[in-house]
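Working notes, structure below.
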Amino acid sequence: MSAVVELNQVTKEYPGGVAALRGVDLRIERGELLGIVGPSGSGKSTLLHIVGTLDRPTAGTLTITGHDVAALSDRRLSALRARHIGFVFQSFHLMAGAGAQDNVAEGLLYSGLPRAERRARAAAALERVGLADRMHHRPHELSGGQRQRVAIARAVVGEPDLLLADEPTGALDSASGETVLELLHDLNAEGATIAVITHDHEIAGALPRQVRIRDGEVVADRRTGAVRRTGVERGETSCERSAGHAT
């Protein structure tokens with residue numbers, strides 16, 4: 001498999017000699033689903049910003065889909081981010097006055113596609129996450145789980161090489177959180193490369209690979225052997241799962 005992300009001895013230091021990352025090595029292969037887990041202050045959020053190209057490392061090398069980040073100008077780095085990386089955050093970041101379809105189409109705003117094509121792709125992405133019947137609902141008309149699925153649809157509408165999900169279930173109740181995690185498994189099964197950043201060891205442990213970070217260092221990187229618990233195994237049909245996704 002080819003690497004979507006590769007970090008080699010990446011360090012991030014802030015003024016005052018604060019080292020948020022200390023010589024991190026990490027390789028994420030295409031098609032992987034992994035959890036990056038650690039407590040508050042462990043460096044996982046800094047790692048998210050580095051991998052997402054929202055910040056640059058102080059030392060070491062970072063490549064995204066074969067591109068050496070250090071060699072890119074800010075403009076080219078922004079273009080790489082827009083094309084290759086999708087983000088999902090705990091707080092959704094949806095436009096309050098816009099419907100679900102327009103929120104998802106926003107993810108293609110800088111793609112150069114005409115508006116009609118952006119909206120068509122947004123509709124397909126919403127159908128993909130089980131919200132075909134919520135195209136025109138605004139965020140306040142949706143549940144927390146539905147809002148997060150809109151945010152996921154926006155993140156994947158441009159078919160990025162990597163989806164970074166930062167505490168994607170943190171603002172949700174347990175049932176809605178399970179639905180979102182099930183969706184991430186579905187997207188991964190379709191070929192998406194997904195990294196879930198979380199403080200929750202139970203969530204990370206349910207993913208095929210778990211990378212543990214503490215004090216700015218990777219302290220464990222293991223295959224969990226986790227087996228996905230599907231709706232069929234819970235005794236649900238696919239239609240019942242779709243109906244249940246209204247949470």
Side-chain angles (χ1 to χ4, degrees), residues 32-40 44-45 48 86-96 98-101 103-104 107 122-157 163-212 224-247:
E32 279 200 283
L33 172 59
L34 71 152
I36 298 174
V37 62
S40 177
K44 67 182 185 299
S45 294
L48 165 72
F87 294 92
V88 176
F89 297 103
Q90 177 177 333
S91 54
F92 318 134
H93 296 306
L94 301 178
M95 298 182 294
Q101 186 177 18
N103 266 287
V104 174
L126 284 168
E127 183 173 0
R128 186 179 180 188
V129 301
L131 291 178
D133 59 342
R134 298 291 192 273
M135 294 284 179
H136 306 297
H137 287 61
R138 297 181 181 183
H140 72 275
E141 298 171 318
L142 300 171
S143 69
Q146 289 170 337
R147 290 196 294 272
Q148 189 61 290
R149 283 190 283 144
V150 172
I152 292 171
R154 181 183 57 194
V156 302
V157 69
L163 178 63
L164 293 173
D166 185 19
E167 302 284 5
T169 65
L172 305 176
D173 61 67
S174 59
S176 296
E178 184 174 340
T179 297
V180 166
L181 290 175
E182 182 79 5
L183 172 58
L184 294 178
H185 276 282
D186 286 342
L187 293 171
N188 176 248
E190 294 171 9
T193 305
I194 304 172
V196 178
I197 294 84
T198 181
H199 70 278
D200 191 322
H201 286 267
E202 183 176 353
I203 289 174
L207 303 176
R209 179 184 175 192
Q210 181 183 120
V211 176
R212 292 179 56 202
T224 66
V227 177
R228 177 182 174 186
R229 188 165 67 96
T230 66
V232 172
E233 291 167 338
R234 293 195 302 267
E236 300 172 5
T237 66
S238 59
C239 291
E240 287 170 338
R241 280 207 295 153
S242 297
H245 280 183
T247 59

Is it the case that over 12 heavy atoms from other parts of the model lie below 6.0 angstrom from the CZ atom of Arg209? yes
Using every non-hydrogen atom in the two residues, find where Arg134 and Ala100 come nearest and quote the distance to one decimal. O-CB, 3.3 Å
Side chain to side chain contact (heavy atoms under 4.5 Å, CB included) partners of Gln90, counting only residues at least two apart: Glu167, Ala171
Which residues share a side-chain hydrogen bond (donor to acceptor under 3.5 Å, both in side chains) with Arg128, sequence neighbours left out: Glu159, Glu190
Closest non-hydrogen atom pair, Gly35 against Ala204: CA-CB, 4.5 Å
Backbone N or O of Gln146 within a donor-acceptor pair of the Ser143 side chain at under 3.5 Å? yes
Below 4.5 Å, heavy atoms only, C-beta onward: do Leu172 and Thr179 meet side chain to side chain? no
Quick check: closest heavy atoms across Ala175 and Asp173, and the distance to 0.1 Å? N-OD1, 3.1 Å
Return yes if some donor-acceptor pair links the side-chain N/O of Glu141 with the main-chain N/O of Arg138 below 3.5 Å, else return no. yes
In chain order, what residues pass the side chain to side chain contact (heavy atoms under 4.5 Å, CB included) check against Asp133, with sequence neighbours excluded? none
Under the rule for side chain to side chain contact (heavy atoms under 4.5 Å, CB included), what residues qualify as partners of Thr193, not counting sequence neighbours? Val4, Ile28, Arg30, Leu162
To the nearest 0.5 Å, what is the distance between CD1 (Ile194) and CG (Leu187)? 5.0 Å
Given 3.5 Å as the limit, does a donor-acceptor pair link the side chain of Gln148 with the main chain of Pro168, or not? yes
Just wondering, do Glu32 and Asn188 contact through their side chains at under 4.5 Å, heavy atoms? no
Across all chains, not counting sequence neighbours, the side-chain hydrogen bond (donor to acceptor under 3.5 Å, both in side chains) partners of His93 are Ser91
Determine the sole option in Val88, Ile36, Leu184 for which the side chain to side chain contact (heavy atoms under 4.5 Å, CB included) test with Val196 is passed. Leu184
Residue list, side-chain hydrogen bond (donor to acceptor under 3.5 Å, both in side chains) with His136, at least two apart or on another chain: none
Using the side chain to side chain contact (heavy atoms under 4.5 Å, CB included) criterion, which residues pair with Leu94? Sequence neighbours excluded. Phe92, Asn103, Pro139, Arg147, Val150, Ala151, Arg154
Hey, which of Leu126, Val104, Leu142 is the one that makes side chain to side chain contact (heavy atoms under 4.5 Å, CB included) with Leu131? Leu126
What one should report as the nearest heavy-atom pair of Gly177 and Thr169 is O-CG2, 3.5 Å
